[in-house]
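Shown next, in structure tokens, is the structure this report addresses.
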There are 2 protein chains.
Amino acid sequence: MKQQRNTKQRKLVLDAVRARFDHPSADQIYLDVRTQDDNISRGTVYRNLNILFQTGEINQVKMPKSDRFESRLDKHYHLQCLECGELWDLPLDYNDDIDEQAAGKTGYIIHRHRTTFEGICPECQHKNTEQNE
Amino acid sequence: MKQQRNTKQRKLVLDAVRARFDHPSADQIYLDVRTQDDNISRGTVYRNLNILFQTGEINQVKMPKSDRFESRLDKHYHLQCLECGELWDLPLDYNDDIDEQAAGKTGYIIHRHRTTFEGICPECQHKNTEQNE
DNA sequence: ATGGGTGCAAAGTGTTTGCAAGTAT
DNA sequence: ATACTTGCAAACACTTTGCACCCAT
């Protein structure tokens with residue numbers, strides 16, 4: 001990888017990812033950073049998110065509509081509400097055993113697995129019962 | 001949901017999904033169906049894939065670049081090679097327990113979880129060792 | 001001074017949609 | 001006859017990229 005420079009923009013993007021815990025999209029990061037620097041462009045935000053991911057300073061979570069970012073670097077699971085779309089970390093241990101099982105069954109070298117739970121959050125459950133009354 | 005019709009195009013799309021086991025993208029289905037009907041349009045293929053998914057006749061697998069489709073309807077895990085991108089079903093049992101655990105820890109109603117394993121397939125492993133010789 | 005980084009706008013990808021004509025029921 | 005479906009092209013959402021200028025090293 002080529003030599004990296006510390007630009008004001010790169011730092012702003014990194015700080016913006018670290019400031020949130022709701023797995024913002026690139027565009028949300030762009031909007032956040034915009035409040036600090038009203039000249040920064042979307043292209044720069046996308047480029048820096050990619051660079052920071054490649055250098056291992058942030059994590060990228062592939063999601064249906066758009067990629068999401070987070071500052072947690074350890075392997076962990078996610079939980080998404082199918083109604084409101086909110087995405088959270090799940091306090092459940094990463095299961096190393098199934099990586100070995102998968103490797104044994106397939107001959108693949110397994111790097112990891114990614115798990116996302118889908119459901120309805122308490123708020124949306126509440127909203128739904130109200131509607132049906 | 002509104003009344004569905006059985007069009008020639010819808011049947012071609014369904015058959016095309018059922019004919020493959022490598023989780024084709026919408027565009028791959030389009031190309032397959034094109035060999036049967038050289039007038040069908042991409043829009044029609046996308047529309048029918050969505051309808052068939054809503055009616056539960058096929059399954060949609062959300063993947064980074066594009067959605068993939070399959071005719072298996074049961075919950076199961078996937079395995080993707082990080083090098084060549086191939087996506088396969090994994091012969092590993094779906095773990096119902098962690099859905100309950102996740103529900104208990106969060107208050108969510110959990111519908112299911114989706115797990116994808118990432119690694120290097122035997123072919124790509126072989127290719128890599130050859131290159132390094 | 002050098003070459004990585006920036007802002008801008010254009011282009012790329014994958015997918016959806018408005019419309020008028022066509023067709024399954 | 002009705003209204004769902006089609007082909008087409010335009011529009012969309014998200015992301016990447018070419019370029020000329022800028023700035024961290």
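Please read these numbers as outputs of a predicted model, since none were measured by experiment. Every chain is numbered from 1 and lettered A, B, ... according to where its sequence line falls, protein lines coming before strand lines.
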Atom [atom1] of [X] and atom [atom2] of [N]: how far apart are they, to the nearest Å?
X: A:Lys8; N: D:dA24; atom1: NZ; atom2: P; answer: 9 Å
X: A:Gln4; N: C:dT6; atom1: CD; atom2: P; answer: 10 Å
X: B:Ile29; N: C:dT15; atom1: CD1; atom2: P; answer: 12 Å
X: A:Lys11; N: C:dT6; atom1: NZ; atom2: P; answer: 14 Å
X: B:Lys65; N: C:dG12; atom1: NZ; atom2: P; answer: 14 Å
X: A:Leu12; N: C:dG5; atom1: CG; atom2: P; answer: 15 Å
X: B:Asp37; N: C:dG22; atom1: CG; atom2: P; answer: 16 Å
X: A:Asp38; N: C:dT6; atom1: CG; atom2: P; answer: 16 Å

Q. Are A:Tyr46 and A:Ile40 co-members of a hydrophobic cluster defined by side-chain heavy atoms under 4.5 Å apart?
A.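 No, A:Ile40 and A:Tyr46 fall in different hydrophobic clusters.
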Q.
If hydrophobic clusters are built from ILVMFWY residues whose side chains come within less than 4.5 Å, do A:Tyr94 and A:Ile98 share one?
A.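 Different clusters.
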Q.
Taking the six-membered ring for Trp, are B:Tyr77 and A:His113 closer than 6.0 Å centroid to centroid?
A.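 Centroid distance B:Tyr77-A:His113: not below 6.0 Å, so no.
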Q: Give me the residues of residues 46-55 of chain A where at least one heavy atom lies under 4.0 Å from an atom of DNA chain C, by number, or none.
A: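 Within this stretch, A:Arg47, A:Asn48 sit under 4.0 Å of the strand.
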Considering just the side-chain nitrogens and oxygens of [X], establish if one lies under 4.0 Å of OP1 or OP2 belonging to [N].
X: B:Thr7; N: D:dT6; value: yes
X: B:Ser41; N: D:dA9; value: no
X: A:Gln3; N: D:dA24; value: no
X: A:Gln9; N: C:dT6; value: yes

Q.
Pick the closest DNA chain D nucleotide for B:Thr44 and for B:Lys2 by heavy atoms, then say which residue is nearer the 5' end.
A.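 In this pair, the answer is B:Lys2.
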Q.
Could you report the tightest heavy-atom contact between B:Ser25 and B:Phe69, atom names first, then the distance?
A.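 Smallest heavy-atom distance, with atoms named: C-CD1, 4.3 Å.
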Q: Tell me which of A:Arg10 and B:Gln60 sits closer to the 5' end of DNA chain C, going by the nucleotide each one is nearest to.
A: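 Nearer the 5' end of the strand: A:Arg10.
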Q: Between A:Val45 and A:Arg5, just flag the one whose closest nucleotide in DNA chain C comes earlier from the 5' side.
A: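 Whichever sits nearer the 5' end wins; that is A:Arg5.
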(Q) Angle between ring planes, B:His23 versus B:His78, binned at 30° and 60°: parallel, tilted or perpendicular? (A)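 Judged by the thresholds at 30° and 60°, the geometry between B:His23 and B:His78 is perpendicular.
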Q: Name the nucleic acid region contacted by A:Asp27, choosing base, sugar-phosphate or nothing; use a 4.0 angstrom heavy-atom cut-off, strictly under.
A: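 Contact class for A:Asp27: none.
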Q. Judged by modelled atom types alone, do B:Arg34 and B:Tyr30 share a side-chain donor-acceptor pair under 3.5 Å?
A.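 Note: B:Arg34 and B:Tyr30 side chains meet the donor-acceptor criterion.
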Q.
Looking at A:Arg42 and C:dG7, is any side-chain donor or acceptor paired with a base atom of the opposite kind under 3.5 Å?
A.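 It does not, because no donor-acceptor pair links the side chain of A:Arg42 to the base of C:dG7 below 3.5 Å.
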Q: Give the intermediate values and the outcome of salt bridge (Lys or Arg N to Asp or Glu O under 4.0 Å) for residues B:Arg68 and B:Asp22.
A: CA-CA 9 Å; B:Arg68 307 286 208 96; B:Asp22 59 347; over 6 Å; no
